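Accompanying notes for the structure given below.
Chain naming here is simple, since letters A, B, ... match the order of the sequence lines and numbering starts at 1 in each. If you're wondering where the values come from, they're calculated on a predicted model, not measured in any experiment.
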Amino acid sequence: VNMNLSNTECIFFVASRLITRLLHCLWQVMKTCKKMGIKTVAVHSDVDASAVHVKMADEAVCVGPAPTNKSYLNMDAIMDAIRKTGSQAVHPGYGFLSENKEFAKRLAAEDVVFIGPDTHAIHAMGDKIESKLLAKAANVNVIPGFDGVVEVSYTVNMVVLATTFCKEGFRLSSQEAASSFGDDRLLIEKFVDNPRHIEIQVLADKHGNALWLNERECSIQRRNQKVVEEAPSTFLDPETRRAMGEQAVQLAKAVQYSSAGTVEFLVDSNKNFYFLEMNTRLQVEHPITECITGLDLVQQMIRVAKGFPLLHKQEDIPINGWAIESRVYAEDPYKSFGLPSIGRLSQYQEPIHLPKVRVDSGIQEGSDISIYYDPMISKLVTYGATRAEALQRMEAALDNYVIRGVTHNIPLLREIITHPRFISGDITTNFLPEEYPEGFKGHQLTSEGRRELVATAAALYVSAQLRSQRFLGNLRVSTTPQEQRQWELCVELEKGSHTVAVSRSGSTFTVEVDGVTVEVSGEWNLASALLPVTINRTPRVLQCLSRDAGGDITLQYLGTQFKVRVLSQLVSTLSAHMPEKVPEDTSSILRSPMPGSVVAVSVKPGDVVAEGQEICVIEAMKMQNSLIAAKAAKVKSVHCKAGETVGEGDLLVQLE
Amino acid sequence: YTHIYTHRQSVAQSEVQEQSRRWYSVSHLSVQERIDRKRNAALIGGGQKRIDAQHKRGKLTARERVELLLDKDSFVECDMFVEHRCSDFGMEEDHNKFAGDSVVTGQGRINGRLVYVFSQDFTVFGGSLSGAHAQKICKIMDQAMMVGAPVIGLNDSGGARIQEGVESLAGYADIFLRNVMASGVVPQISLIMGPCAGGAVYSPALTDFTFMVKDTSYLFITGPDVVKSVTNEDVTQEELGGAKTHTAVSGVAHRAFENDIDALLNLRNFFNFLPLSNQDPAPVTECHDPSDRLVPGLDTIVPFETTKAYDMLDIIQGIADEREFFEIMPNYAKNIVVGFARMNGRTVGIVGNQPKVASGCLDINSSVKGARFVRFCDAFNIPILTFVDVPGFLPGTSQEYGGIIRHGAKLLFAFAEATVPKITIITRKAYGGAYDVMSSKHLRGDVNYAWPSAEVAVMGAKGAVQIIFRGKSNQAEQEAEYVEKFANPFPAAVRGFVDDIIVPSTTRKRICRDLEVLASKKQTNPWKKHANIPL
């Protein structure tokens with residue numbers, strides 16, 4: 001595509017937080033555009049009319065209803081909108097259409113600039129099999145044994161190995177690919193032991209210049225999606241870094257790449273690295289590269305698209321300090337390290353009051369997280385002169401991040417960044433399943449942590465009790481001679497019960513937990529979402545998520561939410577008489593573990609199912625989840641059908 | 001008060017001791033010993049065996065309940081020595097006499113504020129109501145009205161004391177009369193913590209709020225056995241009059257709690273919202289939530305499509321102090337939301353249409369639910385906030401045959417006669433007569449706001465156009481014109497029917513400011529014996 005962008009006034013964004021998963025990036029792109037004096041147009045589906053990016057853009061166009069193939073993937077509607085708004089350039093966002101060669105072609109045909117690499121590069125790199133052949137030709141390390149027939153031989157292998165399970169996996173992945181990307185071929189790759197996922201950021205212009213902007217370590221993943229990234233990597237030495245960088249640049253040049261791009265590598269324990277794929281777009285994790293290099297990648301992309309040569313030379317690219325990025329998702333980390341959750345963000349406060357913290361998000365208080373799209377809430381980036389400093393800031397940032405109304409993965413993020421193995425830098429892409437083979441269970445309290453938590457809950461309870469006795473201007477309140485100064489309490493936490501004595505002096509509480517004294521002081525603002533306290537002289541930020549009249553308090557402590565029950569001695573004694581409510585037997589009931597839509601129901605009433613047999617498939621936020629029978633039984637009733645939308649906890653199938 | 005009372009009591013006690021030493025030292029037991037014996041007997045009610053049985057049912061004893069409900073050491077008991085006076089069927093025998101009979105009465109404090117309490121003792125004759133039992137309850141009710149303090153009844157009674165016959169019935173009526181006299185004078189709350197059947201149910205029904213304990217409490221006119229024999233219906237106690245039935249189906253109870261402890265602790269919490277009497281202002285507690293806090297989420301809460309629902313509770317929790325909202329009847333007539341919250345520490349009553357349920361329309365049940373709540377607030381000086389998103393009254397034969405006209409009129413009546421501060425926020429639809437009803441300017445609303453998404457009109461565009469342009473073509477065009485004209489807040493704003501069009505995120509700030517201004521509002525209705533609300 002040959003065009004002169006110097007008179008570009010309007011950039012069209014085919015993006016929403018929904019398709020692009022990353023409004024966060026988009027938001028930043030718009031900011032950069034504003035800075036550069038470029039007008040912006042956003043498209044949105046009818047459910048996102050009030051999304052942040054829509055408000056931020058100078059103009060907005062609705063392209064259809066919520067399902068992506070009717071809106072954001074609807075090329076006709078989008079081309080129409082581009083014409084109507086007279087946009088001269090298109091920023092394709094970060095998913096779906098950004099790598100769609102057909103789209104790039106149609107833009108080229110109408111003389112609209114595509115911000116990003118040209119069709120040729122997208123075409124070359126968009127096909128994972130072809131890209132490997134190209135990489136090999138460009139002398140880039142590829143996984144040993146790889147050649148053009150691998151796909152076939154592995155497919156054959158798979159047929160030989162075919163089990164119900166394997167077939168299942170194949171069906172799920174190809175359906176997923178077809179539903180999300182409109183392409184159902186699969187690539188089977190060789191297995192690399194103890195792999196790390198390290199990628200190189202490249203930046204190339206239209207004049208044959210290309211740079212590598214150092215690496216990003218993205219090994220912490222769940223189900224092949226990145227969770228925590230950092231730059232630089234603890235693992236690379238300067239030689240390996242240079243070797244990887246140079247190969248990445250070779251590849252970019254080989255395909256005449258122009259724009260920002262990412263070359264992903266798998267690195268084994270001996271620092272051998274193998275080309276995985278090249279992403280022809282701005283990655284979610286690009287801010288950490290910006291942090292350590294000081295470059296604004298978005299601005300660079302627009303400059304390149306306008307045809308300007310690169311400003312920098314390879315030797316100008318520094319590594320300054322350390323940056324960590326946590327991907328904050330609206331998902332339940334206790335279910336397979338993260339199953340989507342939905343809801344309305346009833347309260348939302350980003351920890352941007354802390355130094356060297358950057359939050360890229362596309363949402364705001366009141367936003368709805370719906371079932372249709374990717375559940376990312378934000379990218380939380382912290383920066384420090386050293387890795388330890390960056391990590392410490394990340395801890396504080398996670399503790400100060402207020403997200404209410406949807407379940408989120410902050411418990412998992414905080415556990416990862418404080419895990420000794422992560423701190424030592426000894427990680428692989430299997431970190432999560434290796435460290436949590438039974439699944440993630442939240443922060444495990446030490447006995448000291450337990451005491452801290454119990455003491456804080458008790459102090460909070462007493463503060464609330466005292467406050468409820470303070471009526472303003474009411475003369476009919478008993479003038480008790482002296483305010484109670486000593487409280488005998490019983491605090492229940494995770495099935496354990498603690499005897500607690502609390503005494504107060506001003507805003508400091510001395511709490512005796514099972515005979516050990518803990519001193520807790522703070523402001524005790526009962527309206528604030530954050531609960532900053534000093535426990536035995538250590539400052540900590542907890543969050544109070546709920547507090548009810550029955551003494552139940554939910555506190556977020558070290559990232560994890562704990563349910564604590566604070567009772568007076570009297571209540572505690574009398575509680576013994578309260579009847580226990582019997583929970584329902586769940587083995588014969590299959591409920592939806594998350595909100596989503598039913599893709600397939602594999603059983604009908606009267607069928608006999610084996611334990612572990614698939615009963616139905618639920619899709620939510622681009623993910624398909626196979627639900628299986630908990631026991632061998634006959635199907636009693638089916639309460640859902642394919643195509644239906646279900647909520648979390650909805651009854652799907654009942655067994656006898 | 002407690003201090004003085006305790007002092008008096010101790011003076012009285014020492015006088016009694018003094019006298020007993022002087023004059024009765026010759027008797028077998030000293031008076032002091034007899035007093036102690038009676039007191040101790042009263043403390044264990046029907047005896048340890050029955051207490052154990054009570055516990056086994058998952059229920060606490062009358063005294064345990066009082067202890068949990070009131071501040072530590074604040075309970076001052078009354079009539080501990082009262083015994084029943086029945087002399088038939090062997091009731092006169094000593095082992096059938098229990099000190100205090102089957103109810104514990106007195107006064108105490110909840111968070112320092114005075115309250116009168118009676119707690120029926122199921123361990124004594126199944127908590128059945130004798131003449132003496134009723135007399136004890138009446139005594140504290142009379143006192144409560146005299147000093148102006150709420151009455152809380154903890155009900156756990158098998159019904160009338162059959163051995164006493166008409167004396168027991170008279171007792172019920174005495175209580176009913178006092179319930180009626182106290183209505184609107186002091187708040188009355190009933191917590192049903194066991195059976196409550198027959199005539200007994202009418203006392204809770206006359207009080208302002210009836211709460212229940214799940215699984216262990218029942219309210220019915222006649223139990224399942226009688227039902228079976230009269231109508232041949234098979235029904236369990238739970239289905240007939242359990243907490244679920246009364247909170248979701250009949251609307252008799254206002255809320256249910258998990259167990260005795262949960263119920264009592266929640267009642268303490270609830271009590272803090274209430275003024276002590278109709279002579280006291282709504283209470284103001286210390287508040288940590290800034291009154292000028294913006295609520296950004298409200299700017300996007302109303303969906304663009306007028307047919308799409310949203311949760312009114314999100315708005316209410318968003319604006320309330322600390323997101324705390326004590327909902328009344330959360331499971332009944334869910335198309336209207338009512339309950340208590342605080343604004344800058346001050347108790348307010350909130351009424352809101354719930355678009356999530358039946359589009360938030362007004363029907364028979366929601367009108368009655370709303371009306372009773374509004375009248376309570378008005379009686380007890382609690383300002384009323386009304387959030388309006390109402391498409392109108394629910395049409396149809398079942399509603400018309402059920403008398404939606406006279407029931408809907410109750411809500412209209414309640415809002416119109418209320419003289420407490422009334423603030424109304426139209427969030428979206430305010431259509432037809434329902435617009436008038438929902439605390440409109442015309443019914444003496446003090447401050448009426450509209451959000452930019454408000455539409456005040458006689459009806460939705462489609463229906464309106466069908467009537468105005470009946471039989472004419474290009475209705476779509478007319479519809480667009482109607483929307484342009486009426487589907488916005490201007491028609492109401494230009495006529496002064498709303499005082500201002502406000503940015504939703506500023507709603508809390510505006511309301512807090514207005515409440516401060518309206519705190520000194522004085523308005524009276526014309527003298528009358530009482531109004532004639534269309535019951």
Toward chain B, the part of A:Gln347 with a non-hydrogen atom under 4.5 Å:
side chain

Engaged part of B:Arg323 at the chain A interface, taking heavy atoms whose separation is under 4.5 Å:
side chain

Based on non-hydrogen pairs under 4.5 Å, which of B:His55, B:Arg113, B:Arg57, B:Arg268 is most in contact with chain A?
B:His55

Are a donor atom and an acceptor atom from the side chains of A:Ser507 and A:Ser521 found within less than 3.5 Å of each other?
no

Find the one option among A:Ser528, A:Gly366, A:Ala549, A:Ala529 whose heavy-atom pairs under 4.5 Å with chain B are most numerous.
A:Ala549

Should the pair A:Arg404 and A:Tyr348 be classed as cation-pi, given the thresholds of under 6.0 Å to the six-membered ring centre and 45° from the axis?
no

Sidechain N-carboxylate O distance under 4.0 Å for B:Asp156, B:Arg65
yes

Just by distance, no angles: are the side chains of A:Ser568 and A:Trp487 close enough, under 3.5 Å, to form a donor-acceptor pair?
no

If you tally heavy-atom pairs under 4.5 Å against chain A, which of B:Asn269, B:Asn259, B:Asp289 wins?
B:Asn259

Region of B:Lys214 that comes under 4.5 Å of a non-hydrogen atom in chain A:
both

Please classify the contact of B:Gln317 with chain A as side chain, backbone, both or neither, using a heavy-atom distance under 4.5 Å.
neither

In terms of the angle between their ring planes, are B:His254 and B:Phe211 parallel, tilted or perpendicular, with boundaries placed at 30° and 60°?
perpendicular

Atom group of B:Glu324 that falls short of 4.5 Å from chain A, counting heavy atoms
neither

Can you say whether A:Ser575 sits under 4.5 Å from chain B via the side chain, the backbone, both, or neither, judging by heavy atoms?
both

Please indicate whether B:Glu286 has more than 12 foreign heavy atoms, meaning atoms of other residues, nucleotides or ligands, lying under 6.0 Å from its CD.
yes

Any cation-pi pair here, B:Arg255 with B:Phe326, using under 6.0 Å and within 45°?
yes

Which portion of B:Asp280 sits near chain A, non-hydrogen atoms under 4.5 angstrom
side chain

Counting only heavy atoms not in B:Gln48, do more than 12 sit closer than 6.0 Å to its CD atom?
yes

Quick check for you: among B:Val295, B:Asp299, B:Asp262, B:Ile301, which has the greatest number of heavy-atom pairs under 4.5 Å with chain A?
B:Ile301

